[in-house]
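These numbers come from the heavy atoms of this one structure, side chains and all, not from hydrogens, waters or symmetry mates. Order of listing sets the numbers, starting from 1, for every ligand and every atom in it. What you are looking at is a predicted structure, and each value in this text was computed from that prediction instead of being measured.
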Amino acid sequence: MRYVIIGNGPAGAYTANWIRKKDPDGQITIVSDESYPLYSRPGLPDVLSGSKLPEKLIIFPIDWYKKNNIELILNTKAASIDTESKNIITDSNISLDYDKLMIATGGKPNRIPVDGIDGKNIFTLRNLNDVAEIKSAVENNNGVIVIGGGLLGLETAYSFVLLNKNVTVIEYFNRLLPGHIDEEGSYKLQELLECLGLNFILGAEIKETSDYKNKKRVLLKSGRQISTDIIQISAGITPAVDFIRNTKLKYGRGIIVNSHMETNIRDIYCAGDSAEYNGRIYGLWQIAMKQGITAGKNMAGDHVTYKEDIPVVKLKVAGINIVSIGETELDGLEEHRLNTHDTNSYNKIFTLDGTIKGAILIGDISLENVIKEDIGKDFSIIRNNIKAE
Ligand SMILES: Cc1cc2nc3c(=O)[nH]c(=O)nc-3n(C[C@H](O)[C@H](O)[C@H](O)COP(=O)(O)OP(=O)(O)OC[C@H]3O[C@@H](n4cnc5c(N)ncnc54)[C@H](O)[C@@H]3O)c2cc1C
């Protein structure tokens with residue numbers, strides 16, 4: 001059996017891992033347009049800030065692929081798929097035949113659609129090469145504007161603070177992390193981040209960016225102008241699936257998969273940030289990995305189902321613990337404040353018709369695992385155990 005996997009992030013690498021566990025003899029080839037074996041993307045802000053070396057992010061070293069008899073073709077992009085003859089062509093004109101194909105190409109960072117956004121010293125962060133470019137640009141500069149105050153934007157902004165840069169985050173919404181934490185939590189977080197040295201302009205929309213002398217200028221729709229040296233964009237991702245557009249693969253935002261991680265074309269699977277499952281693209285490491293494991297098992301002959309995970313989102317900024325679990329913003333949710341010993345902490349559970357749907361934990365996050373297990377359970381059964389108001 002010949003397995004070809006496009007993309008070597010967690011979805012692709014764990015697909016390979018599980019195919020190998022199930023099929024010791026199959027021929028597995030991974031094509032990756034990056035230069036490194038599997039590494040931790042969530043660790044990139046640490047490399048940017050200088051608190052970790054790039055080597056420390058490696059999860060599966062090159063030896064792992066050799067030991068598992070997995071051919072890893074680096075620095076090579078899959079350019080097209082022929083789903084009839086079951087083969088892919090790379091940008092270096094390598095042709096690879098497959099019996100089973102995995103598309104695990106992840107996401108590419110969005111740029112915002114305004115004039116000047118493709119200019120010099122404007123960056124996005126997705127991989128180790130991006131980190132190297134940003135680091136060299138920021139070395140002799142002081143001002144950084146981060147466009148987008150989502151989780152990744154905040155983590156990246158904090159990396160710049162650790163590099164002693166003057167950092168301002170510009171956010172479209174008028175509070176931080178809507179969709180993950182509620183209003184009270186947002187204000188608490190903003191206060192904590194301001195104490196760490198971050199500046200915020202909230203409820204602001206960018207009109208354009210331009211060059212002015214040696215500086216960058218950001219013009220807001222309100223008319224306000226801000227001058228800076230570097231612009232870092234953190235505005236979400238789009239699944240990296242352009243190269244499948246000439247095929248009959250069904251896609252919405254990502255390639256549509258069922259609970260076996262199968263696409264609409266037999267023997268082609270998709271997982272991770274390039275896959276759209278139940279209308280959702282999660283953008284989370286653990287989910288990409290788990291979908292890859294499901295796909296790998298199925299590609300090797302099993303018939304297992306991906307059980308939808310409860311999304312757990314964490315902010316990884318020094319000294320600030322924030323965990324958002326499941327649903328926190330749904331219409332009709334009821335809130336229950338939890339008693340914590342620490343007055344700086346803020347814990348809340350959200351229920352719908354008496355069933356636990358989600359939680360926000362700020363500061364003291366010790367209940368994370370308990371709550372994760374209790375999602376979907378009746379709140380009244382556990383109410384007293386976790387001392388909710
Ligand atoms: C800076 C940063 C911090 C993050 N922090 C967190 C976090 O704290 N928690 C969390 O859960 N998630 C986090 N994420 C998100 C998480 O890393 C992703 O959800 C996860 O990596 C998705 O895995 P994937 O395998 O689907 O895609 P990816 O990891 O993106 O891997 C896809 C790979 O395919 C390659 N590729 C794309 N197109 C082609 C092609 N045509 N041919 C060959 N190769 C191709 C890409 O270059 C990439 O190497 C973070 C992401 C970033 C960028």
Problem set entry | Nearest-neighbour protein heavy atom for atom 39 (C) of ligand 1, which is reported as residue plus atom name and distance | T105 CG2, 3.5 Å

For this session: Say whether N127 and ligand 1 are in contact under the criterion: heavy-atom distance to a ligand atom below 4.0 Å.
Result: no

Exercise. Under a 4.5 Å cut-off applied to non-hydrogen side-chain atoms, are V146 and L198 in contact?
Worked result: no

For this session: Report, in ascending order of atom number, the atoms of ligand 1 lying under 4.0 Å from any heavy atom of K77.
Result: 40 (C), 41 (N), 42 (N), 43 (C)

Exercise. Can you list the atoms of ligand 1 that are under 4.0 Å from a heavy atom of A104?
Worked result: 32 (C), 33 (C), 34 (O)

Seminar exercise, completed: shortest atom 53 (C) of ligand 1-to-protein heavy-atom contact is with L125 O, 3.7 Å

Exercise. Rounded to the nearest 0.5 Å, what separation is found between the CD atom of Q291 and the OH atom of Y269?
Worked result: 14.5 Å

Exercise. Only one of E368, E155, H180 clears side-chain hydrogen bond (donor to acceptor under 3.5 Å, both in side chains) with K314; which?
Worked result: E368

For this session: Indicate yes or no: at least one non-hydrogen side-chain atom of I59 is less than 4.5 angstrom from one of Y14.
Result: yes

Problem set entry | Proximal atoms of ligand 1 relative to V31 (non-hydrogen, under 4.0 Å) | 43 (C), 44 (N)

For this session: Identify whether NZ of Lys or CZ of Arg in R245 sits under 6.0 Å from the centre of the six-membered ring of Y251 and within 45° of that ring's axis.
Result: yes

For this session: Looking only at distances, please establish whether an N/O atom of ligand 1 is found under 3.5 Å from an N/O atom of A11.
Result: yes

Problem set entry | Exam field: side chain K216 to backbone K120, donor-acceptor pair closer than 3.5 Å | yes

For this session: Report yes or no: does Y39 contribute a side-chain atom to a donor-acceptor pair with the main-chain N or O of L128 at less than 3.5 Å?
Result: yes

For this session: Taking the side chain as every heavy atom from C-beta outward, state whether T83 and D267 have any pair of such atoms under 4.5 Å apart.
Result: no

Exercise. Considering only heavy atoms of P10, which atoms of ligand 1 have at least one such atom less than 4.0 Å away?
Worked result: 20 (C), 21 (O), 23 (O), 24 (P), 25 (O), 29 (O)

Problem set entry | Spacing of I356 atom CD1 and I371 atom CD1 [to the nearest 0.5 Å] | 7.5 Å

For this session: Could you check atom 51 (C) of ligand 1 against the protein and tell me its nearest heavy-atom contact, residue, atom and distance included?
Result: R41 CB, 4.1 Å

For this session: Starting from atom 42 (N) of ligand 1, find the nearest protein heavy-atom neighbour and note its residue, name and distance.
Result: A78 N, 2.9 Å

Exercise. With under 30° as parallel and over 60° as perpendicular, where do the rings of H336 and F379 fit, or are they tilted in between?
Worked result: tilted

For this session: Identify, for atom 27 (O) of ligand 1, the protein heavy atom at the shortest distance, and state residue, atom and that distance.
Result: G106 CA, 3.2 Å

Exercise. For the atom pair CD1 (I365) and CG (L367), what is the distance rounded to the nearest 0.5 Å?
Worked result: 10.0 Å

Seminar exercise, completed: One finds that the ligand 1 atoms under 4.0 Å from a non-hydrogen atom of I6 are 40 (C), 42 (N), 43 (C)

Problem set entry | Contacting atoms of ligand 1, where contact means under 4.0 angstrom from a heavy atom of W285 | 10 (C), 11 (O), 12 (N), 16 (C), 17 (O), 19 (O), 21 (O)

Problem set entry | Side chain, backbone, both or neither: D273 near ligand 1, heavy atoms under 4.0 Å | both

Exercise. Looking at atom 34 (O) of ligand 1, what's its closest protein heavy atom, distance included?
Worked result: G7 CA, 3.3 Å

For this session: Check each atom of ligand 1 against the heavy atoms of L152 and keep those under 4.0 Å away; list them by number with element.
Result: 1 (C), 2 (C), 3 (C)

Seminar exercise, completed: Test side-chain hydrogen bond (donor to acceptor under 3.5 Å, both in side chains), reference D302, set K297, K22, H260, output is K22

Exercise. Looking at ligand 1, does any of its N/O atoms fall within less than 3.5 Å of an N/O of A240?
Worked result: no

For this session: Kindly confirm or rule out an N or O of E155 lying under 3.5 angstrom from an N or O of ligand 1.
Result: no

For this session: Report, in ascending order of atom number, the atoms of ligand 1 lying under 4.0 Å from any heavy atom of G272.
Result: 26 (O)

Seminar exercise, completed: One should read off an interatomic distance between I287 CD1 and I310 CD1, to the nearest 0.5 angstrom, of 9.5 Å

Problem set entry | Closest approach of any protein heavy atom to atom 9 (N) of ligand 1, naming residue and atom | P42 CG, 4.2 Å

Seminar exercise, completed: A student comparing E34, K316, Q286, R126 should find that the heavy atom closest to atom 30 (O) of ligand 1 comes from R126

For this session: Considering heavy atoms of the protein only, find what lies nearest to atom 44 (N) of ligand 1 and give residue, atom and distance to 0.1 Å.
Result: D33 N, 3.2 Å

